[in-house]
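Notes follow the structure.
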There are 2 protein chains.
Amino acid sequence: MREFKRRSRVLLIDDNADHLRGVKELITLESSYDVVATTTSANIGINLAKKYRPDIILMDINMPEKDGLQAIQEIEKLDMDIRVIALSGYDDADLIFRAMKIGAKGYVLKTMASAQLIYAMDEVAAGKIYLPTALTSRFFEYFQNSFKEEEKSSAEENLLTYLTAREEEVLDLLTQGNNYKSIAGKLFISETTVKTHVNNIFQKLQVNDRTQAVLYALNNGFANRRLSKIAV
Amino acid sequence: MREFKRRSRVLLIDDNADHLRGVKELITLESSYDVVATTTSANIGINLAKKYRPDIILMDINMPEKDGLQAIQEIEKLDMDIRVIALSGYDDADLIFRAMKIGAKGYVLKTMASAQLIYAMDEVAAGKIYLPTALTSRFFEYFQNSFKEEEKSSAEENLLTYLTAREEEVLDLLTQGNNYKSIAGKLFISETTVKTHVNNIFQKLQVNDRTQAVLYALNNGFANRRLSKIAV
DNA sequence: TATTTTATCAATCTAAAGATGTAAGACAAA
DNA sequence: TTTGTCTTACATCTTTAGATTGATAAAATA
């Protein structure tokens, strides 16, 4: 290996000045990291990120002024290959999920041992995504639950199962925004036949019009599912 | 602690008879687990699960006959508090994602050291969800990518931003399957006004009818997002 | 074989949706 | 003050959508 390992440049964002100082000292002790800047403001932090282009950002996500999660999202949108690790005081499943969803490369609790933080930084610096085992477990509980709820609603009774193969084809075209004429053309059948199918679909799905039919289809696992209830 | 720790009952499902025997021996050596049954067939495995009600199932998901993932899903549907750990020969991100999505409590590679498997079983037996660190990293790359694609498509140019507040209200009601009369009633305005709004919405979203408008809204981050491309 | 389901098509009718033009009052920005 | 946008509203007209009834042939099923 000819190229030696470059020291990773780190930006710290934490509204708690004391904690900020502590983390800075901790990291400075590590030979492989340079703290290029620190700030107690998320907004300033975003600007510092643009200016210094650090490799890693440690972002406190429990800040009053600006939401740390929002800041992460904005930094991710810059698409500058800056890897953000979320620092949080809480091991709340929802927080962990949202942080990982918007692109955080790690999530470390402030209460965790400093060695854990350094390890996370090492992993993230190496291009990996790191979550402590305990938090991973939390994450997955939340993750699996969000799918469980879906299944329940669709497990009740999915009226889509009553549709014939042809009706499914027609419904599929409906969910793509086609009108009668267009569907007739694509299936090589007459418009009146399409009307018959559509009417039968309405009966079976117990809806009144095509919009409701399309909505029913999308909400009940037709083609592609919805991941509802999960938004940042 | 008055109650002593009950030995966990384990069911093994693996179409590779040799591997099955090996894992069985390995687990039998552990004092805390009883192998209650083994089978090389996923279908039989499901029936054995119903019969023996094991605490844990080790399920090979790379089986030709029946898909192991499907088998996991069916077992999860039983809702019998049977915790399934997926065994796989591949650390494929998509496989890991799908296994965890449908409710697997763990995912262990066959190539991993036996100690790793036992550790996973210990964690899962204790009610946790366990993924080896390396696989967790894989999982999250896949997970985050699935959201990144969404953002791209909605970042191109979201025509929804051109809508006025009132038009958004109307569109929201459209995406709930309301007709003109219903919308007029809910917004306390006349039906003709609703028509005006709806027509303006069509212009702005560049669509021809309400179904297309609803589809555009749903596909472009209106109210709740879609997690497309990810299906089991 | 008899029966049911499915897919096809038609005619007819009503209701709803969509296109277009016009316009007045409110309100904010220039 | 003027300009522009937003919200409201109406009239008119054309086009779709949807409901209903009826019918035929093929295919699946009992």
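Quick note: numbers below take in every heavy atom, side chains included, and nothing from hydrogens, waters or symmetry partners. Below, chains carry the letters A, B, ... as their sequence lines are ordered, and counting in each starts from 1.
A distance-only check finds no donor-acceptor pair linking the side chain of A:Glu167 to the backbone of A:Ile201 [under 3.5 Å]. With A:Asp14 contributing its side chain and A:Asn16 its backbone, the two residues share a donor-acceptor pair below 3.5 Å. Under the 3.5 Å distance criterion, the side-chain polar atoms of A:Arg83 are left unmatched by any main-chain donor or acceptor of A:Lys105. In this structure a side-chain-to-backbone donor-acceptor pair under 3.5 Å is missing from A:Asp172 to A:Glu168. In this structure, A:Gln73 contributes its side chain and A:Ile102 its backbone to no donor-acceptor pair below 3.5 Å.
When the P atom of C:dT14 is taken as reference, atom CG of B:Asn179 falls 20 Å away, rounded to whole Å. Remark: P of D:dT15 and CZ of B:Phe202 are 17 Å apart, rounded to the nearest angstrom. Rounded to whole angstrom, the span from the CD1 atom of A:Ile189 across to the P atom of D:dA26 amounts to 18 Å. Rounded to a whole Å, the CD1 atom of A:Ile183 is 14 Å from the P atom of C:dC9. Between A:Asn208 atom CG and C:dT14 atom C1' there is a gap of 15 Å when expressed in whole angstrom units. B:Tyr180 has its OH atom 16 Å from the P atom of D:dA9, to the nearest Å. Rounded to an integer number of Å, the gap from A:Gln206 CD to D:dG18 C1' is 17 Å. With rounding to whole Å, B:Arg210 atom CZ is found 14 Å from C:dA19 atom C1'.
Residue B:Ser190 places none of its side-chain N or O atoms closer than 4.0 Å to OP1 or OP2 of D:dT8.
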Report all interatomic pairs (protein N or O, nucleotide N or O of nucleotides 26-30 of chain C) with separations under 3.5 Å.
none

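B:Glu169 and B:Arg166 are joined by a salt bridge, as a carboxylate oxygen and a charged side-chain nitrogen come within less than 4.0 angstrom of each other.
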Going by atom type alone, with no hydrogens or angles, which donor-acceptor pairs under 3.5 Å involve a side-chain atom of residues 45-53 of chain B and a protein atom two or more places apart or on another chain?
none

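Classification of the B:Phe140-B:Phe143 ring pair by plane angle, with boundaries at 30° and 60°, yields perpendicular.
A cation-pi arrangement is not found for A:Arg138 relative to A:Phe97, the charged atom failing to lie both closer than 6.0 Å to the ring centre and inside a 45° cone about the ring normal.
Contact check of residues 191-201 of chain A against DNA chain C (heavy atom, cut-off under 4.0 Å) returns A:Thr192, A:Thr193, A:Thr196, A:His197.
Side-chain atoms of B:Thr164 lie closest to D:dC6 of the nucleotides D:dC6, C:dA10, C:dT8.
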